[in-house]
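First the structure, in the form of structure tokens, and then the observations on it.
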Number of protein chains: 2
Amino acid sequence: MSENARATAEGVDAASEDRTCYCPLGGVMDLLSRNYAIQVICVVGTLRPVRYGEIEATFGEVSSSTLSTRLNELTEAGMLARERYAEIPPRVEYDLTTDGEELCELLLPLLRWVEDRGPSEQ
Amino acid sequence: MSENARATAEGVDAASEDRTCYCPLGGVMDLLSRNYAIQVICVVGTLRPVRYGEIEATFGEVSSSTLSTRLNELTEAGMLARERYAEIPPRVEYDLTTDGEELCELLLPLLRWVEDRGPSEQ
DNA sequence: CAGAATCCATTCGGATACTG
DNA sequence: CAGTATCCGAATGGATTCTG
């Protein structure tokens with residue numbers, strides 16, 4: 001979107017036409033609204049590269065199925081890269097892709113801001 | 001665009017030391033993961049002050065119940081302020097609170113980034 | 001106009017159990 | 001260790017209807 005897309009009182013009637021529409025969120029926005037998705041990005045970005053177990057430990061309460069699903073979704077969306085090492089015991093490392101890095105840079109400030117205000121009194 | 005998009009790998013690496021736990025997402029994170037929540041913040045931030053009908057028009061497809069719910073949640077969370085005018089026909093204007101402004105500043109770059117990469121990716 | 005209330009299909013995610 | 005598969009209750013959000 002461009003800076004000149006400024007909204008004025010007159011822009012009201014053109015609301016349904018010209019104006020930037022944030023509605024059709026891409027698949028990424030959709031993914032980010034899933035449980036722990038944003039946190040996963042940030043955890044990987046903070047501990048990269050990081051193993052599955054570490055991520056799981058970071059969120060003590062998440063179920064493996066949920067975390068696994070989130071990891072797969074973000075990997076398929078091109079935000080995470082999964083490196084599998086043929087060792088015994090198996091080792092898998094997650095890291096951010098270039099896109100993931102960009103996203104993480106945008107997400108970390110958000111998370112920090114949320115933390116700073118603490119558990120708000122609603 | 002802004003220059004602060006230059007955190008680079010250094011910022012990420014530096015954070016590798018601390019083990020901040022992002023798990024306990026505050027109520028705000030929870031709200032943001034709801035449908036259209038992030039977009040609502042950004043739409044209000046862009047068109048402020050904005051009437052209910054305008055917001056609804058911006059998202060052509062959202063149902064009034066969903067939008068209304070989101071608006072209430074964000075208002076109660078202190079991100080939005082609702083001003084009701086005793087006129088006929090009734091007029092209600094939504095605006096960002098101070099907190100909402102801060103949040104919007106963090107969210108807009110995210111939305112722009114998502115838009116820029118488009119839905120064509122993968 | 002700006003919603004609130006209700007109903008309900010769909011989705012989401014936790015628990016559990018099981019593999020390579 | 002690093003997941004996947006399955007089951008199922010909980011939460012979500014759309015459609016519809018109604019109101020000040």
Side-chain angles (χ1 to χ4, degrees), chain A residues 9 12-13 15-16 22-25 27-40 43-44 47-77 80-95, chain B residues 22-25 27-41 43-44 47-77 80-95:
Chain A
V12 169
D13 16 56
S16 48
Y22 297 114
C23 340
L25 20 69
V28 181
M29 283 304 292
D30 197 40
L31 291 187
L32 292 182
S33 70
R34 265 134 172 115
N35 218 1
Y36 302 107
I38 292 180
Q39 290 94 320
V40 165
V43 165
V44 174
L47 307 177
R48 61 193 302 201
V50 58
R51 303 178 61 171
Y52 178 89
E54 296 183 75
I55 303 176
E56 194 169 42
T58 302
F59 303 88
E61 357 73 53
V62 69
S63 69
S64 67
S65 63
T66 298
L67 180 56
S68 178
T69 301
R70 216 86 318 146
L71 249 13
N72 284 333
E73 291 168 351
L74 292 171
T75 299
E76 251 184 74
L80 298 181
R82 170 166 44 193
E83 190 73 33
R84 184 187 193 96
Y85 298 91
E87 305 175 349
I88 292 180
R91 180 165 59 101
V92 176
E93 285 186 348
Y94 289 90
D95 202 340
Chain B
Y22 297 114
C23 338
L25 19 67
V28 180
M29 283 302 293
D30 197 39
L31 291 187
L32 292 181
S33 70
R34 263 127 172 127
N35 219 2
Y36 303 107
I38 292 180
Q39 290 94 321
V40 164
I41 294 281
V43 166
V44 174
L47 307 178
R48 60 193 301 202
V50 58
R51 302 177 58 171
Y52 178 88
E54 296 183 75
I55 303 175
E56 193 168 43
T58 302
F59 302 88
E61 355 73 55
V62 70
S63 69
S64 68
S65 63
T66 299
L67 180 57
S68 178
T69 302
R70 216 87 315 147
L71 249 14
N72 284 333
E73 291 167 351
L74 293 171
T75 299
E76 254 186 72
L80 299 181
R82 169 166 44 193
E83 191 73 32
R84 182 184 194 99
Y85 298 91
E87 303 175 352
I88 292 181
R91 181 165 58 100
V92 175
E93 285 185 348
Y94 289 91
D95 202 340

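Chain letters run A, B, ... following the sequence lines, proteins first and then strands; every chain starts at 1.
Rounding to the nearest 0.5 Å places CD of A:Glu54 at 12.5 Å from OH of A:Tyr94. Note that the CD atom of A:Glu83 and the CZ atom of A:Arg91 stand 9.0 Å from one another [nearest 0.5 Å]. The structure places CZ of A:Arg48 at 4.0 Å from CG of A:Asp95, a figure rounded to the nearest 0.5 Å.
In terms of position along DNA chain C, the nucleotide closest to B:Glu93 lies nearer the 5' end than the nucleotide closest to the other residue of the pair B:Glu93 and A:Ser63. Between A:Arg51 and B:Arg84, it is A:Arg51 whose nearest contact on DNA chain D lies nearer the 5' terminus.
With hydrogens and angles ignored, no donor-acceptor pair under 3.5 angstrom links the side chain of B:Ser65 to the base of C:dA4.
We find that CD of A:Glu87 is positioned 13 Å from P of D:dG3, with the value rounded to whole Å. For the pair A:Arg34 CZ and C:dT10 C1', the computed distance is 12 Å after rounding to whole Å. A:Tyr36 has its OH atom 9 Å from the C1' atom of C:dG13, to the nearest Å. For the pair B:Ile88 CD1 and C:dA2 P, the computed distance is 14 Å after rounding to whole Å. Distance, B:Leu80 CG to C:dG3 P: 11 Å, rounded to whole Å. The nearest whole Å value for the distance from the CD atom in A:Glu83 to the C1' atom in D:dC1 is 16 Å. One atom, CG of B:Asn35, and another, P of C:dT10, lie 16 Å apart when rounded to the nearest Å. Atom C1' of nucleotide D:dA11 and atom CG of B:Leu31 are separated by 14 Å, given to the nearest angstrom.
Considering only side-chain atoms of A:Ser64, the nucleotide from C:dT16, D:dG13, C:dG3 that sits closest is C:dT16. With C:dC1, C:dG13, D:dG13 as the candidates, the nucleotide lying closest to the side chain of B:Arg70 is D:dG13. Here the side chain of B:Ser68 is nearest to one of D:dG3, C:dA2, C:dA4, namely C:dA4. Counting only heavy atoms from C-beta on, A:Pro90 has its side chain closest to D:dC1 among C:dG13, C:dG3, D:dC1.
Looking at heavy-atom distances under 4.0 Å, A:Thr66 makes contact with a base. Across all strands shown, A:Tyr85 has no heavy atoms under 4.0 Å from either base or sugar-phosphate atoms.
Here the options are B:Leu71, B:Asn72, B:Thr66, the test is side chain to side chain contact (heavy atoms under 4.5 Å, CB included), and the partner is B:Ser68; only B:Asn72 passes.
Cation-pi check for A:Arg70 over A:Tyr36 is not met; the charged atom does not lie both under 6.0 angstrom from the ring centroid and within 45 degrees of its normal.
Side-chain N/O atoms of B:Asn72 include one lying less than 4.0 angstrom from OP1 or OP2 on C:dA4. An OP1 or OP2 oxygen of C:dG3 is reached within less than 4.0 angstrom by a side-chain nitrogen or oxygen of B:Tyr94.
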